[in-house]
Colleague: 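The structure follows.
All heavy atoms count here, side chains included; hydrogens, waters and symmetry mates do not. Sequential numbering from 1 along the given sequence is applied to the chain's residues.
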Amino acid sequence: MFSSLKAFISRRILNRGVDARRFWNGEPIASPKANVPLFGGLNKKAFTLTYEKESRDCVWLSPGEKVEIKIHGEKKLRVKLSFACNGKPKISEGVGVYVGDKKVVDLKYIVSKKWHNVGIEHGGSIKIINTSASKLAVAHPVVAEKYVRDEKNFTPKNIIVILLDSLTRDSIGPFNPEMAEFTPNITRFFEKSVKYSNCFSQSEWTLPSIYSLLTSRYPLGHGMLDLKGNARNDNHLVEDNLPQRMRELGYSTFAYSTIKVFHPAFYAHVGFDRFIYDQFPQPRQTHADLCAAAITQLHANSDSRNFMFLHFLDTHEPWSNTNELDDLMLSNFRITDPFEEYNFYKRGYKDGKAEPIFDETGIEVLTERRNARLANVDLSLQALFDYLEKSGQLEDTVVALFSDHGCLYTAQNQPLLCESRTNVPLLILHPKYKGGTHAELVATNLDIGSTLLSIAGGDPKLGDGVANAPFAEDSAGRSYVISESIFGDLYKVALRDENYVYHYSCSYDKNKKVVDIGGVGKSSLFARKNENLCVDLSGKHPDAVKKMHDLLLYHLKKYGFDPTIKGNS
C-alpha cells in the first residue's frame with residue numbers, strides 16, 4: 001500500500017507538470033509564484049514583489065550566485081526572508097543580504113536542511129548573495145506589518161492550532177482526570193481554557209477531516225475522500241481556505257505535519273507561507289522536531305503575527321511513526337511496519353469496509369502504546385508551552401487543541417461513525433476569556449476555522465462553518481451535526497441532534513454525483529444518551545427517523561448530489 005500511495009501521489013504531481021523529485025527530496029515549499037501581491041493585511045494592489053529571475057516556489061542560488069528582489073510600493077515595509085541550504089548535514093558558510101550597498105544581514109552559519117528566518121526593514125530592492133559552499137534556497141519573502149497590541153479591539157498576535165491525531169474526547173486530562181497522568185502539561189496549560197464537550201468530527205479518518213478543517217466544508221463538499229479515486233484533481237483549495245484568510249488578516253502562516261496525506265500533492269500547502277511535511281516512505285519528522293520548529297518560527301517572527309498549524313500523527317496507533325524516544329517507554333513487542341502491526345493485532349473485519357476488530361490483547365497493547373506516545377507528545381509540547389510563557393507571548397496568543405477524529409480498536413456491533421470514532425476534544429485558550437465548559441453541538445472540523453477567524457477579527461463566514469460561543473456573541477450554535485465516510489462506492493453518514501443519532505449506509509457514485517438513498521438502504525436510530533449500546537429505536541420513533549432523513553436529503557442536495565435513485569445496497 002505504501003508503494004501504491006507513493007505512485008498515486010507522484011502521478012498526481014506529474015500530471016500537474018510539477019517536478020515530483022523536488023517534493024520527495026524534501027526541498028522547501030513557499031508561495032506558489034515568484035511574482036505575487038504582498039500579503040499582511042496591506043493593500044494588495046499597491047505593493048508587489050518580484051524576483052529578477054523567475055521561479056515557481058523559491059530561488060535556488062549556486063555558490064557565489066546572487067538574486068535581487070524588487071519592491072514596488074510607497075513606504076518601507078518589514079520583509080521576512082527564509083533561507084535553507086541543501087548541502088550535507090554540516091554547518092556551512094552563510095548568506096549576505098543587502099539593501100542598496102548596505103549589508104543588513106550577515107548569516108555566517110547556516111545549518112543544512114533547516115530553514116533560517118531573518119527580518120529587515122527595506123525599501124526599493126534587496127540583494128541576496130549566496131556566500132556558502134552549497135546551493136541556497138531563498139523562499140518567497142513574506143511582508144507583514146509589525147504587531148501592535150490594541151487593548152480596546154484585541155486580536156491575538158499568535159494563533160496556534162495543535163491537532164493530536166486520532167483521539168477521543170476522554171483521551172486527555174482536561175476531559176478525563178484519569179488521563180492527566182499521561183498529559184500533565186496539556187492538563188496544566190489548558191486549565192483555564194474554554195472546553196467544548198459535545199464536538200464531533202466530520203469523518204472517521206484523517207484525509208477528509210483535514211480538508212474539512214482547511215475549507216470548513218463537509219467531505220462531500222471538498223471532495224478529498226479516500227486514496228482510491230475519490231480525491232479531487234483540481235486546486236479547489238485556492239478558492240477559499242483558512243490559512244489564506246489568516247494571511248489576508250496579516251498573519252504569517254506556518255504548517256508542520258508528520259502525516260503523509262498532508263501533502264502538496266493534495267494542495268494542502270495552499271495558503272501557507274511555510275509548509276513542512278513528512279517524507280515518503282520513511283518518516284523523518286517527530287513530535288520533538290515539530291515543537292522545535294514551532295518555537296524557531298515564533299522566535300524568528302516575534303514582532304509580527306503568526307498563524308501556526310501543528311499536526312501530530314504520533315498519537316495515532318497503530319499508524320503512528322516509530323521513534324526511539326517513544327519505544328524506550330514500551331516494554332511490549334514492537335513491530336516497525338504499521339501494516340504488519342495492523343494485521344498482527346486485528347482479529348478480522350466487521351463488514352470488509354475498513355472496520356477492523358482487534359482482540360483483547362491487541363486492544364491492550366495498542367492502548368498502552370497510544371498512551372506512551374501521547375505522554376511523549378505532551379512532554380514535547382511542554383517546551384512550546386514554556387516558550388510562550390517565559391517569552392511573554394502567551395498574553396497575546398490563542399492556542400486551540402483538538403483532534404481530527406476519534407479512535408475505536410474494536411468495532412463490535414457499532415456503526416463505523418459511532419461516538420468513539422467521532423466525538424473529539426476541543427480546547428481554546430484565550431487570554432481574554434476565563435474558560436468554562438460549553439455543551440452545545442460543534443461540528444469540529446468545520447467550526448474551528450470560523451471560530452478562529454472570529455477571534456482574529458475577520459469575517460467568520462467560511463464554507464459551512466459556524467463560529468462558536470463565547471467567541472461569537474451572536475452564535476446560535478448547531479441543531480445537528482453530520483459525520484460522513486466514503487470509501488470506494490460506499491457512503492456512510494451519521495446525523496446527531498441533542499436526542500438521537502441517525503446512521504445511514506448506501507451506495508455512492510462519484511462520477512454521476514449520485515448517492516443511492518432513494519431505496520431501502522441500511523438505517524438505524526439510537527438514543528444519544530446511550531449511543532454505544534446500539535439499541536435501534538427506529539420503530540418507536542418514526543417521526544425522528546423522518547426528520548433525520550429529510551436533513552440528510554437536504555445535505556446531499558446542497559452539494560449537488562442526486563438522492564432519488566433507488567436500489568440501495
Side-chain angles (χ1 to χ4, degrees), residues 163 167-170 175 194-206 208-222 225 400 402-408 414-428 437-452 460-469 471-472 475-486 491-505 515 523-532 544-559:
L163 192 159
L167 291 182
T168 55
R169 183 194 63 187
D170 293 334
F175 292 100
V194 177
K195 302 176 180 68
Y196 296 92
S197 60
N198 209 7
C199 299
F200 288 88
S201 63
Q202 276 47 77
S203 184
E204 89 295 354
W205 80 290
T206 299
S209 296
I210 287 295
Y211 290 89
S212 287
L213 162 69
L214 294 174
T215 64
S216 287
R217 297 185 181 104
Y218 284 101
L220 276 183
H222 61 63
L225 306 173
F402 74 109
S403 188
D404 53 341
H405 59 86
C407 178
L408 181 66
Q414 296 189 46
L416 178 65
L417 297 166
C418 63
E419 184 177 28
S420 296
R421 282 202 180 98
T422 54
N423 187 204
V424 295
L426 174 58
L427 304 164
I428 300 180
T437 300
H438 289 253
E440 63 266 26
L441 280 168
V442 176
T444 313
N445 309 81
L446 306 185
D447 296 345
I448 192 169
S450 293
T451 301
L452 293 177
K461 183 58 181 175
L462 176 65
D464 298 305
V466 173
N468 301 123
F471 307 109
S475 175
R478 289 184 179 273
S479 58
Y480 66 95
V481 296
I482 296 176
S483 306
E484 54 190 2
S485 173
I486 301 172
Y491 176 74
K492 295 185 177 184
V493 62
L495 292 88
R496 288 176 174 84
D497 63 15
E498 291 296 335
N499 300 311
Y500 300 103
V501 53
Y502 178 68
H503 293 274
Y504 201 95
S505 175
V515 175
S523 66
S524 55
L525 182 78
F526 304 147
R528 281 285 313 280
K529 62 182 179 180
N530 53 8
E531 178 179 336
N532 290 332
V545 172
K546 184 179 184 306
K547 172 189 171 183
M548 292 292 202
H549 203 75
D550 288 345
L551 289 173
L552 176 57
L553 293 175
Y554 170 79
H555 173 69
L556 295 172
K557 290 177 181 178
K558 178 179 180 179
Y559 285 111

Colleague: Can a salt bridge be assigned to the pair Glu531 and Arg496 using a cut-off of 4.0 Å between side-chain N and carboxylate O?
Modeller: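 Counted as a salt bridge, because a side-chain N and a carboxylate O are separated by less than 4.0 Å.
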Colleague: I'd like to check the side chain to side chain donor-acceptor pair (under 3.5 Å) partners of Asp550; sequence neighbours left out, ordered by chain and number.
Modeller: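 By the side chain to side chain donor-acceptor pair (under 3.5 Å) rule, Asp550 matches Lys546.
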Colleague: Tell me, do Phe200 and Val424 make a side-chain contact under 4.5 Å, heavy atoms counted?
Modeller: no
Colleague: Say you draw a straight line from CZ of Arg217 to NE2 of His222; how long is it, rounded to the nearest 0.5 Å?
Modeller: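 Answer for the CZ-NE2 pair, Arg217 versus His222, is 9.0 Å.
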Colleague: Hey, mind stepping through Asn499 and Arg528 against side chain to side chain contact (heavy atoms under 4.5 Å, CB included) and telling me if it holds?
Modeller: CA-CA 5 Å; Asn499 300 311; Arg528 281 285 313 280; 5.6 Å; no
Colleague: At their closest point, which heavy atom of Val442 faces which heavy atom of Tyr196, and how far apart are they?
Modeller: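 Reported closest heavy-atom pair: CG2-CD2, 4.0 Å.
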Colleague: Between Pro219, Ser203, Ser483, which is the residue that forms a side chain to side chain contact (heavy atoms under 4.5 Å, CB included) with Ser209?
Modeller: Ser203
Colleague: Is the side chain of Asn445 donor-acceptor paired with the backbone N or O of Ser216 at a distance under 3.5 Å, no angle test?
Modeller: no
Colleague: Angle class for the His555/Tyr218 ring planes (parallel below 30°, perpendicular above 60°, tilted otherwise)?
Modeller: perpendicular
Colleague: Supply the atom-to-atom distance Leu446 CG to Gln202 CD, rounded to the nearest 0.5 angstrom.
Modeller: 4.0 Å
Colleague: Do the side chains of Arg169 and Ser197 get nearer than 4.5 Å, heavy atoms only?
Modeller: yes
Colleague: Judged by atom type as modelled, is there a donor-acceptor pair below 3.5 Å linking the side chain of Asp447 to the main-chain atoms of Ala443?
Modeller: yes
Colleague: Minimum heavy-atom separation for Asp404 to Ser201, with atom names?
Modeller: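 Looking at all heavy atoms of both residues, the closest pair is O-CB, 3.0 Å.
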Colleague: Mark yes when over 12 heavy atoms from residues, nucleotides or ligands other than Lys195 sit less than 6.0 Å from its NZ; otherwise mark no.
Modeller: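 Enclosed: over 12 neighbouring heavy atoms sit under 6.0 Å from NZ of Lys195.
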Colleague: Determine whether a donor-acceptor pair (N or O, by modelled atom type, separation under 3.5 Å) exists between the side chain of Ser505 and the backbone of Lys492.
Modeller: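 Such a contact is absent between Ser505 side chain and Lys492 backbone.
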Colleague: Could you tell me the separation between the CG atom of Asp497 and the OH atom of Tyr502, rounded to the nearest 0.5 Å?
Modeller: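 With rounding to 0.5 Å, CG (Asp497) is 13.0 Å from OH (Tyr502).
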Colleague: Drop me the distance from Asn468's CG to Thr444's OG1, to the nearest 0.5 angstrom.
Modeller: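 Atom-to-atom, Asn468:CG and Thr444:OG1 are 8.5 Å apart.
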Colleague: Any side-chain heavy atom of Leu220 sitting closer than 4.5 Å to one from Glu484?
Modeller: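 When only atoms from C-beta onward are counted, Glu484 and Leu220 do touch, with a gap below 4.5 Å.
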Colleague: Which atoms form the tightest heavy-atom contact between Ala467 and Thr451, and what is the distance?
Modeller: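 That closest heavy-atom pairing would be CA-OG1, 3.6 Å.
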Colleague: Taking the side chain as C-beta and beyond, is there a heavy-atom pair between Arg421 and Trp205 under 4.5 Å?
Modeller: no
Colleague: Between Tyr491 and Leu552, what is the shortest heavy-atom contact and its length?
Modeller: OH-CD1, 4.0 Å
Colleague: For the side chain of Lys461 and the backbone of Gly463, is there at least one donor-acceptor N/O pair under 3.5 Å apart?
Modeller: yes
Colleague: Once rounded to the nearest 0.5 Å, what's the spacing between atom CG of Leu167 and atom SG of Cys407?
Modeller: 8.0 Å
Colleague: Answer yes or no: is there a side-chain heavy-atom contact under 4.5 Å between Leu495 and Tyr504?
Modeller: no
Colleague: How long is the straight-line distance from OG1 of Thr206 back to CG of Leu163, given to the nearest 0.5 Å?
Modeller: 8.0 Å
Colleague: I want to check something: taking the side chain as every heavy atom from C-beta on, are Asn198 and Glu498 in contact at a cut-off of under 4.5 Å?
Modeller: yes
Colleague: Indicate yes or no: at least one non-hydrogen side-chain atom of Thr422 is less than 4.5 angstrom from one of Val481.
Modeller: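 Answer no - side chains too far apart.
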Colleague: For a 4.5 angstrom cut-off between non-hydrogen side-chain atoms, does His405 reach Pro208?
Modeller: no
Colleague: For Phe175 and Leu426, which heavy atoms make the closest approach, and how far apart are they?
Modeller: CZ-O, 3.7 Å
Colleague: Partners of Ala544 by side-chain contact (heavy atoms from CB on, under 4.5 Å), sequence neighbours excluded?
Modeller: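 So Ala544 forms a side-chain contact (heavy atoms from CB on, under 4.5 Å) with Tyr500, Leu525, His541.
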